[in-house]
Every structure is written in structure tokens, then in C-alpha cells.
Amino acid sequence: MIARVPRQALVTLRPMQRSDLDAVLAIEQRAFPQPWSRSFFEKELSTPQACCTVAVCGADGRAELVGYTVCWRVLDELHLLNVAVHADYRGGAIGRRLVEHVLEDGRATGGRVVYLEVRAGNVSARRLYRRLGFRDLGVRRAYYGPGQDAIVMELRLAADR
């Protein structure tokens, strides 16, 4: 059963906190065959160049964490490392909103390019990234394990200065 996000539902984005990690890990473990560990997320939360964002649906006492992104800012480059949305909320544009937030933040902080790797078989994610303007840059063979290639994608945020 897919719980589509009603158009009137309040979805807010905010910085990820350590107290979010149980919910983040629950999504991570359902979303990926090789999920990140708690210690990996904890490390990201303490890394200065990391920007970790969560999407929360609902308000106050009835709020539910439904997605997140992890991104690194290195000089004028952004590296989108992880994006996931709770399985019950996929198809409700939460993933798009999370990625758009990364792009907006990148533009606001002088970013010129965003890179990411996406599993070659993840058709819906690749479609989303293309709709947002990303282009295929190359292939990393067996990046996710034997027979599981990654497509490297790039989006130029600003013309070269």
C-alpha cells in the first residue's frame, strides 16, 4: 500500500539531527541493498563539508520523517551522496523536493556543479535526475558490487566564471 502524500500535507525540510537517525536508518535499510550504518551517518553529521537534510511530513506530534539527503560541498562542487524516501511516500515528489533543495543551496553558496552516482537499474531516480537537468557523464563498473554499475551524472549550476 502506497501512502501518497496529500497535496495539502505539510512537508518541511530541515537539517538532519542525531535524534533522526533511527528513522533515517529504517528508511536506509529498506531503500538500499547495502545500507549505510549508524556510524556512517554519525560521521556525516560531524563532517564540516557535509549537508544532511530530512523531509518531515505532518506537524508537531504527528510528524513523520519521510526522506533525507546527504551532500558534500567541496569548494564549488557538490557531491550528492545519498537520497532516499520512505517506501510508503514515494511518488509524492518528496525526492524531487529534497534534490531541488540541494540544488538551490548549491546555487546560493556559489556551487557550480553537482555530481552523483546512481545505480544503473534505478530507472525512476535516473528519470528524476534527467528531469532536473542532470546528464550522464560516465559509468563506474561494479560500483555497487558485481554486475551493479553506477551511472555518474552531472549538473552544471552556473556558467563558468
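Residue numbers count from 1 along this sequence.
Taking each heavy atom of Y68 and V24 in turn, the nearest pair found is CE2-O, 3.7 Å. Here the closest non-hydrogen pair linking C51 and D105 is SG-OD2, 4.3 Å. For I94 against A55, the heavy-atom pair with the smallest separation is CG2-CB, 3.8 Å. Between V54 and P15, the shortest heavy-atom distance links the atoms CG2-O, 4.2 Å. Taking every heavy atom of both residues into account, L98 and A84 meet most closely at CD1-O, 4.3 Å. Pairing each heavy atom of G67 with each of I27, the nearest pair is N-CD1, 3.9 Å.
Side chains of L103 and V114 form a contact here, defined as non-hydrogen atoms less than 4.5 Å apart. In this structure, V139 and I151 have side chains that are in contact, with non-hydrogen atoms separated by less than 4.5 Å. The shortest side-chain heavy-atom distance between L13 and R97 falls under the 4.5 Å cut-off. Looking at heavy atoms from C-beta onward, L116 lies out of side-chain contact with L155 at the 4.5 angstrom threshold. Two residues are said to be in side-chain contact when any heavy atoms from C-beta on lie closer than 4.5 Å; L78 and V102 meet this criterion. A 4.5 Å side-chain heavy-atom check between R119 and P33 finds at least one atom pair inside the cut-off.
With hydrogens and angles disregarded, a donor-acceptor distance shorter than 3.5 Å links the side chain of D20 to the backbone of Q17. In terms of modelled atom types and a separation under 3.5 Å, the side chain of E28 and the main chain of W36 share a donor-acceptor contact. For R90 (side chain) and V85 (main-chain N/O), a donor-acceptor pair under 3.5 Å exists by modelled atom type. Between the side chain of T47 and the main chain of A50, no donor-acceptor pair closer than 3.5 Å is present. Using modelled atom types, no side-chain atom of R73 and backbone atom of G111 make a donor-acceptor pair closer than 3.5 Å.
Rounded to the nearest 0.5 angstrom, C52 SG and R14 CZ are separated by 12.0 Å. Note that the CG atom of L80 and the CH2 atom of W72 stand 13.5 Å from one another [nearest 0.5 Å]. Annotation: the span from H101 atom NE2 to T53 atom OG1 amounts to 4.0 Å, rounded to 0.5 Å. Separation of atoms SG (C57) and CG (D88) is listed at 11.5 Å; rounding is to 0.5 Å.
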Atom pairs and distances, side-chain donor-acceptor, residues 125-134, under 3.5 Å, sequence neighbours left out:
| from | atom 1 | to | atom 2 | distance (Å) |
| --- | --- | --- | --- | --- |
| R126 | NH1 | A120 | O | 2.8 |
| R130 | NH2 | D136 | OD1 | 3.3 |
| R130 | NH2 | D136 | OD2 | 2.9 |

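With hydrophobic clusters built from ILVMFWY side chains whose heavy atoms lie under 4.5 angstrom apart, F32 does not share a cluster with V118. A continuous path of ILVMFWY side-chain contacts below 4.5 Å connects F41 to L65, so both sit in one hydrophobic cluster. A continuous path of ILVMFWY side-chain contacts below 4.5 Å connects L21 to V56, so both sit in one hydrophobic cluster. Linking ILVMFWY residues whenever their side-chain heavy atoms come closer than 4.5 Å, directly or via other members, leaves Y115 and L157 in distinct clusters. Taking hydrophobic clusters as Ile, Leu, Val, Met, Phe, Trp and Tyr residues chained together by side-chain heavy-atom distances below 4.5 Å, V74 shares a cluster with L81.
Comment: R156 engages E154 in a salt bridge, judged by a side-chain N to carboxylate O separation of less than 4.0 angstrom.
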Evaluate side chain to side chain contact (heavy atoms under 4.5 Å, CB included) for V99 paired with V83, printing each intermediate quantity in order.
-> CA-CA 8 Å; V99 175; V83 180; 4.2 Å; yes

Worked verdict on R140 versus E117 for salt bridge (charged side-chain N to carboxylate O under 4.0 Å, His left out) = CA-CA 8 Å; R140 294 191 199 276; E117 288 93 9; 3.2 Å; yes

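Sorted by first and then second residue, the pairs that involve residues 32-49 and meet salt bridge (charged side-chain N to carboxylate O under 4.0 Å, His left out), not counting sequence neighbours, are D22-R38.
Between H86 and Y89, the ring-plane angle classifies as perpendicular under the 30° and 60° cut-offs.
Other members of the cluster containing Y144 are Y143, with ILVMFWY side chains joined at under 4.5 Å, either directly or via other members.
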